[in-house]
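Order of the sequence lines sets the chain letters (A, B, ...), proteins ahead of strands, with each chain counted from 1.
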Amino acid sequence: MGASWKRTHDCGELRAAHAGATVVLNGWVNKRRDHGGIYFLDLRDRYGITQIVLPQKVAGDVKLGPEYVLSVRGKVTLRDGANINRERPTGEIEIAVEHVEVLSSSPVPPFPIEDEIDTALDLRLRYRYLDLRRGSLQRNLIHRSKFIQAMRRAFEREGFLDIETPILTKATPEGARDYLVPSRVHPGEFYALPQSPQIFKQLLMVSGLDKYFQVARCFRDEDLRADRQPEFTQLDMEMSFVDEEDIFGTWERVLQATMREACGVELESPFPRMTWDESMERFGVDKPDLRFGLELRDAKSWAADCEFQVFRNALAAGGRVMGITVPAALALSRKDITTLEDGAKALGAKGLAWWKAEKAGGAGPLAKFCVAPGSAERLMALMSASDGDTILFVADREAVVRKVLGDLRNQLGRKFSLAQSGTWKFTWVTSFPLFEWDEDSKRWFSAHHPFTAPVDWDLGGANADFAKLSSRAYDLVLNGWELGSGSVRIHRADVQQRIFEILGIGPEERQRKFGFLLEALSFGAPPHAGFALGLDRTSALTLGLDNIRDVIAFPKTASAADLMCGAPSQVAPEQLAEVHVRTAVEAQVAPEPKA
RNA sequence: GGGGAUGUAGCUCAAUUGGUUAGAGCGCUGCCCUGUCACGGCAGAGGUUGCGGGUUCGAGUCCCGUCAUCCUCGCCA
């Protein structure tokens, strides 16, 4: 026999059909309504809320405070018509209590445990275990769990092996800042936490495991954002004897199955694809939100011979003149335009030229340059504008034009609610630049990572313009969010050597930093490619959330602190000595605990 | 590292131009109430105005610094 306090049902499952049964429920006191002679109490667990009815004599002198944990035994009773609560699945019944046992008491919680809450985030994070009692956060975690489990099943069906890779690994010279872990056994040496399992999954391909996947925790010591935590979770995968088409096809099947099982959404495939160049040219960003139009348009052919010096100078200096046509239906006031211009200037634009388009000449700062015969018509045709539309122009270096107009487009999308929620516009963005020039160190860096295959194995030959080389890297973008990225890898030693030369990594340095990988690749590496999907972002996005904190049980603050457990924290001098570390920071008095 | 916002009761907020004893709702405590489910009624407790300086006859309010949280630029191969 089990203990008599153990539940026979959960707080969400009893219905009218259970009437008459004697049951035991366990849960937390959610709300109390004391009517003197009769006492109502809502008992809550992960599965729901059930109303408990206590005649006063049963409640007696036992205190049943908020968030107390109870075991209640009683009879499932049908409610009279007027007393049925139609808002609740369990609303047709209630429990007429015969016995109540307090399993655990509680102080009054620092904030109410309710679905909708406007409590300050730092307080919620300090008492995260209470925050997580709230139905809305529990539903988020349940969704995330369902999503990840569906994805695991899909990869298993595809023949992938779930293989774990080390958390204590080697510091990587490029990329994000590493989290370091001092070694006790090797004085003065450090492990690094993985930014991703990148190198290990390539080694697994060399090993012939063929198809690998893992739900992998990754660590990057960089500043946080709403969509970035210092530790985050990826669905990481790699395949052998494949090219990007196999990666795209696998992921499209996996995402279709996952979205169907976890979200009840049918995705169309194949997903659209566009090159990085196309994305930058049409949307100004490398993660376009395809739920709305407002694409960027090139005004060069009009601007080149117009009277507006700013436009002509920008072109003469090798820059661009581009614009966005805002349809008349989306009314922009002068004040709106001023606000948009302020935003544009903050991003580096010198100004925002605009024209209220009309064949008769229109209005706005640009109107006086559109008076020449045919000029207005020509510009309107170029910008796909009709009478009454407003066109916003930026003239500058290409990078500035794209950045400003890309941001402007997203702002307009938000302002006019153009992006419909519940719509899932996936797209692959391919052919990213292979290298990026770093002005500070005067050298080239890999845009993705140094093992990314170039589109052209010859790397453009002897006199190549490295800035123009493309890589076989790709991102998966959903509704304006970068969900993940991957690439076809270099499996040819000669190409890898050439990449290192261009990056300015000499033979000695190469050997020290990547020797084990290069050696492994020399032992018969299959052509391979992979991808990793950010599960925090994907979970959040499929729930319609704009902050990944809400799908992470124990997230960190913008300063990478855990307000609940107090990490990071100082450690005892003995602990530091053991790992051969001395801090450069003055020893400080430990801060007062905040409670 | 830079920019912006916020910080007043357990929680969410208010407090006129710098001016009396810093208020309200919710929650909490006590009493009353047999059909509530945002129960209702009466009464009550509860404050280092984030912290430290300064200006002033007088500071929640103005100034300087600092801390925390959020958003963001840089950063994130």
Side-chain angles (χ1 to χ4, degrees), chain A residues 30-44 49-57 59 63 65-67 77 79-88 90-91 94 96 107-114 116-127 130 172-178 195-196 198-199 218-230 232 342-343 346-348 403 407 432-436 438 440 444-452 471 473 482 485-487 499 503 505 513-514 534 546-547 549 555-561 563 591-592 594-595:
Chain A
N30 194 57
K31 281 267 185 186
R32 303 163 298 164
R33 293 174 293 279
D34 184 356
H35 287 247
I38 189 168
Y39 190 99
F40 299 101
L41 185 153
D42 290 336
L43 201 66
R44 182 195 73 237
I49 291 176
T50 299
Q51 175 164 284
I52 310 298
V53 186
L54 299 96
Q56 202 175 25
K57 63 181 171 154
K63 180 177 158 62
E67 299 308 309
T77 313
R79 301 200 201 177
D80 292 340
N83 290 328
I84 291 175
N85 183 344
R86 309 209 176 269
E87 307 289 308
R88 228 172 240 173
T90 60
E94 60 197 6
V108 177
F111 51 84
I113 311 298
E114 295 166 350
E116 298 306 321
I117 199 172
D118 49 8
T119 302
L121 189 65
D122 48 352
L123 192 72
R124 290 171 45 201
L125 289 178
R126 189 163 130 216
Y127 296 96
L130 296 181
T172 49
E174 295 190 54
R177 207 172 287 116
D178 285 317
Q195 297 176 25
S196 80
Q198 181 60 37
I199 288 173
C218 306
F219 306 86
R220 294 178 190 175
D221 187 3
E222 298 292 348
D223 286 345
L224 284 77
R225 290 287 187 281
D227 63 350
R228 265 165 38 191
Q229 285 268 317
F232 59 101
D342 290 344
L347 287 177
K403 185 177 181 184
D407 182 79
F432 278 71
L434 186 61
F435 299 115
E436 282 166 4
D438 180 61
D440 292 337
W444 294 98
F445 277 87
S446 290
H448 191 55
H449 59 61
F451 316 109
T452 304
S471 76
E482 180 202 322
S485 60
S487 62
I499 295 278
L503 294 176
I505 301 175
K513 291 175 174 170
F514 305 109
D546 53 16
N547 198 305
R549 222 172 8 234
K556 292 185 173 52
T557 67
S559 61
L563 295 182
E592 291 286 315
K594 297 177 191 168

Basic-acidic side-chain contact under 4.0 Å: D42(A), R33(A):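 Counted as a salt bridge, because a side-chain N and a carboxylate O are separated by less than 4.0 Å.
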Lys/Arg-Asp/Glu bridge criterion (N-O < 4.0 Å) met for R44(A), E67(A):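 Yes, charged N to carboxylate O under 4.0 Å.
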Scan every strand shown for a Watson-Crick or G-U wobble partner of [N], both distances under 3.5 Å, and answer none if you come up empty.
N	value
U20(B)	none
G65(B)	C51(B)
U8(B)	none
C28(B)	G44(B)

Integer angstrom distance from the [atom1] of [N] to that of [M]:
N	M	atom1	result
G60(B)	G54(B)	P	15 Å
C62(B)	G18(B)	C1'	8 Å
C67(B)	C76(B)	P	25 Å
A45(B)	U61(B)	C1'	28 Å
G74(B)	G4(B)	C1'	15 Å
C57(B)	A15(B)	P	27 Å
G65(B)	U29(B)	P	45 Å
C33(B)	G23(B)	C1'	30 Å

Between [atom2] of [N] and [atom1] of [X], the distance in whole Å:
X	N	atom1	atom2	value
L123(A)	A68(B)	CG	P	17 Å
E222(A)	G2(B)	CD	P	17 Å
L121(A)	C11(B)	CG	C1'	15 Å
F111(A)	C13(B)	CZ	C1'	18 Å
D407(A)	C71(B)	CG	P	17 Å
R177(A)	G1(B)	CZ	C1'	10 Å
R126(A)	G50(B)	CZ	C1'	12 Å
D122(A)	G50(B)	CG	C1'	10 Å

Touch check for [X], heavy atoms < 4.0 angstrom, all strands: base, sugar-phosphate only, or nothing?
X	value
R124(A)	nothing
L224(A)	nothing
A346(A)	nothing
N547(A)	sugar-phosphate
S559(A)	sugar-phosphate

B/S/- along nucleotides 33-39 of chain B (protein heavy atoms under 4.0 Å) is BSBBB-B
Suppose we screen for side chain to side chain contact (heavy atoms under 4.5 Å, CB included). Which residues come up paired with D407(A), at least two apart in sequence or across chains?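 In terms of side chain to side chain contact (heavy atoms under 4.5 Å, CB included), with neighbours along the sequence ignored, D407(A) is linked to L347(A), Q411(A).
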Which pair of heavy atoms, one from S196(A) and one from C218(A), lies closest together, and at what distance?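 So the two residues come closest at CA-SG, 3.8 Å.
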Please figure out whether H449(A) or R225(A) has its closest RNA chain B nucleotide nearer the 5' end.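 On the 5' side of the pair lies R225(A).
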Given that T119(A) and G65(A) both sit by RNA chain B, which one's nearest nucleotide is further toward the 5' end?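 Nearest nucleotide further toward 5': that of T119(A).
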One pair to check against side-chain contact (heavy atoms from CB on, under 4.5 Å): Y39(A) and R32(A). What are the steps and the verdict? CA-CA 7 Å; Y39(A) 190 99; R32(A) 303 163 298 164; 3.4 Å; yes
Ignoring hydrogens and angles, answer whether the base of C76(B) and the side-chain atoms of R228(A) contain a donor-acceptor pair closer than 3.5 Å.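 Side chain to base: pair present.
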Distance below 4.0 Å between K403(A) side-chain N/O and G74(B) OP1 or OP2: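 Checking G74(B) against K403(A), a side-chain N or O does come within under 4.0 Å of OP1 or OP2.
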Counting only side-chain N and O atoms of T557(A), is one of them less than 4.0 Å from OP1 or OP2 of U69(B)?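 For T557(A), the contact criterion (side-chain N or O under 4.0 Å from OP1 or OP2 of U69(B)) is met.
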Going by atom types alone, do Q51(A) and T90(A) pair a side-chain donor with an acceptor below 3.5 Å?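 On atom types as modelled, these side chains do not qualify, holding no pair under 3.5 Å.
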If you round to the nearest 0.5 Å, how far is CG of L41(A) from CG of L54(A)?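 It comes to 6.0 Å.
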Kindly say whether the aromatic ring centers of F219(A) and F232(A) come within a distance under 6.0 Å.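 That pair fails the under 6.0 Å test.
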Given the rule in the side-chain hydrogen bond (donor to acceptor under 3.5 Å, both in side chains) test, do T50(A) and E94(A) qualify, once you have shown the distances and angles that lead to the verdict? CA-CA 7 Å; T50(A) 299; E94(A) 60 197 6; over 6 Å; no
